[in-house]
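Worksheet: one structure, shown below.
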Amino acid sequence: MSSVSLPTLEAFLAPLPAYRHAQVWKGMFDASLRGWESISPLPSALRFELKDTLPWMALQEKHVLASTRGDTFKALLETNDHKMIETVIMKNSRGFWSVCVSSQVGCAMACTFCATGKMGFTRNLTREEIIDQYRFWIYFLAGKPKLEQRISNLVYMGMGEPLANYENVKGSLKLLLKYTDMGPTRITVSSVGLIPMLRKLLNDPEWPPVRLAVSLHSADGETRRNIMPSSYPNFLEDLASWTKEYFTQFASRRRHLTFEYVMLSGVNDTPMHAEKLIQFARKVGKVKINLIPYNDTKSKYNTSESAALIAFEKKLLDARVDVTRRRTMGADIAAACGQLIVEKKAATSL
Ligand code: SAH
């Protein structure tokens, strides 16, 4: 896998003692600071060495779009090796901001309904590039004092498959949990369902107790394989046994697990699909299903008709499945789930 060949913060910090790392990270998450030289607990020689070695941010702003209602912003950011990624903030139901971060440049999973899936995969983002998306938004908000300042939640639902970038995602989670006020129940990692990686995190004592979301999208094997090329004949059985193991290992309520289900008209929203989903939910136990309206990506799909969506949801509720429906935000700036794409044309004209 290719990686950034420019100097990294990780390499810079490696020879330094742990307390220096902590001082650097603390400074990096301080909304009032704007450069290495302003991290006052560091000796001045070290501050200037940092300044000479590394840019303050691993990502540079290209542009920011605001939704008409002002409740969603999307930023196009450039990495030091000139790759483009997108990150989004949206107002959540508590009136604070939720940040949506990308974990890769592009994505190899090629889900047929997802805009990022069309880009193909370029490279993993580093730990710094992941946390810098959060840092970008704290500075952005600090520059707009009239806006709500608090970021209360963070989701790995931007570009990329987080579990295909396991170590960097894990590293970013640890930093976010240590240096922001977000607890593990405020952070959600969403995965296409990479079973070997899901198994790995189950047995990894260092994997933080953040929330997990798995993109199920169909409990009918054939339908799932048609819409998600990363699926395979035994996927649903594997996911069911993984889920049971997850619940056995982490009975604590803090570790919530959600299955995401994007509603595609005539594709996965029929009564047969609802029935299969009910059976699957019964088989795996206490899992939450989150129905997501399909956000347009100029693909062959349409979002479910409202009658089909209501009937689907009712069937699940009648069967006592724990089901919720996700609001869509930022659709007018293509900032909703699955709409993040850096189009070639746009990227080269920057
Ligand atoms: N790779 C991760 C993160 C993807 S984005 C994953 O697969 O979970 C977060 C969620 O948005 C996933 O459930 C994804 O399947 C869903 N999604 C992708 N494209 C979408 C679209 N056009 N409309 C609605 N949801 C979409």
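These numbers come from the heavy atoms of this one structure, side chains and all, not from hydrogens, waters or symmetry mates. Each ligand, and each atom within it, is numbered from 1 in the order the structure gives.
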Which protein heavy atom lies closest to [atom], and at what distance to 0.1 Å?
atom: atom 5 (S) of ligand 1; result: Met157 O, 3.3 Å
atom: atom 4 (C) of ligand 1; result: Gly158 O, 4.2 Å
atom: atom 26 (C) of ligand 1; result: Cys337 O, 3.6 Å
atom: atom 12 (C) of ligand 1; result: Ser215 OG, 3.2 Å
atom: atom 19 (N) of ligand 1; result: Gly338 CA, 3.0 Å
atom: atom 10 (C) of ligand 1; result: Glu260 OE2, 3.6 Å
atom: atom 16 (C) of ligand 1; result: His217 NE2, 4.2 Å

| task | Determine, for Arg326 against Glu260, whether the closest basic-nitrogen to carboxylate-oxygen distance falls under 4.0 angstrom. | result | yes
### Under-4.0 Å salt bridge between Lys314 and Asp318
yes
*asked:* Is the ring pair Tyr301/Tyr294 parallel, tilted or perpendicular, if the boundaries are 30 and 60 degrees?
replied: perpendicular
- Determine the interplanar angle of the His217 and Tyr261 rings, folded into 0 to 90°, and report it as parallel if under 30°, tilted if 30 to 60°, perpendicular if over 60°. perpendicular
Counting both backbone and side chain atoms, is some N or O of [X] under 3.5 Å from an N or O of ligand 1?
X: Asn295; answer: yes
X: Ser190; answer: yes
X: Phe113; answer: yes

Min heavy-atom dist [X] to ligand 1 below 4.0 Å:
X: Glu161; result: yes
X: Pro293; result: yes
X: Gly160; result: yes
X: Ser191; result: yes

Residues 227-238, side-chain donor-acceptor partners within the protein, below 3.5 Å, at least two apart:
residue: Ser231; atom: OG; partner: Arg224; partner atom: NH1; Å: 2.9
residue: Tyr232; atom: OH; partner: Asp238; partner atom: OD2; Å: 2.7

Q) Given the rule in the side-chain hydrogen bond (donor to acceptor under 3.5 Å, both in side chains) test, do Glu161 and Ser103 qualify, once you have shown the distances and angles that lead to the verdict? A) CA-CA 7 Å; Glu161 167 50 37; Ser103 55; over 6 Å; no
Numbered in order shown, the ligand 1 atoms found under 4.0 Å of a heavy atom of Thr297 are 22 (N)
Ligand 1 to Cys114, heavy atom cutoff 4.0 Å, flagged ligand atoms 18 (C), 19 (N)
Between Asn92 and Ser98, does any side-chain donor sit less than 3.5 Å from a side-chain acceptor? yes
TODO: Scan side-chain atoms only and decide if Asp81 and Thr79 contain a donor-acceptor pair under the 3.5 Å cut-off.
DONE: yes
- Item | Pair Phe73 + Phe140: ring centers closer than 6.0 Å | yes
message: If you apply the rule side-chain hydrogen bond (donor to acceptor under 3.5 Å, both in side chains), what do you find for Gln279 with Arg282, and how did you get there?
response: CA-CA 5 Å; Gln279 283 164 20; Arg282 286 207 177 119; over 6 Å; no
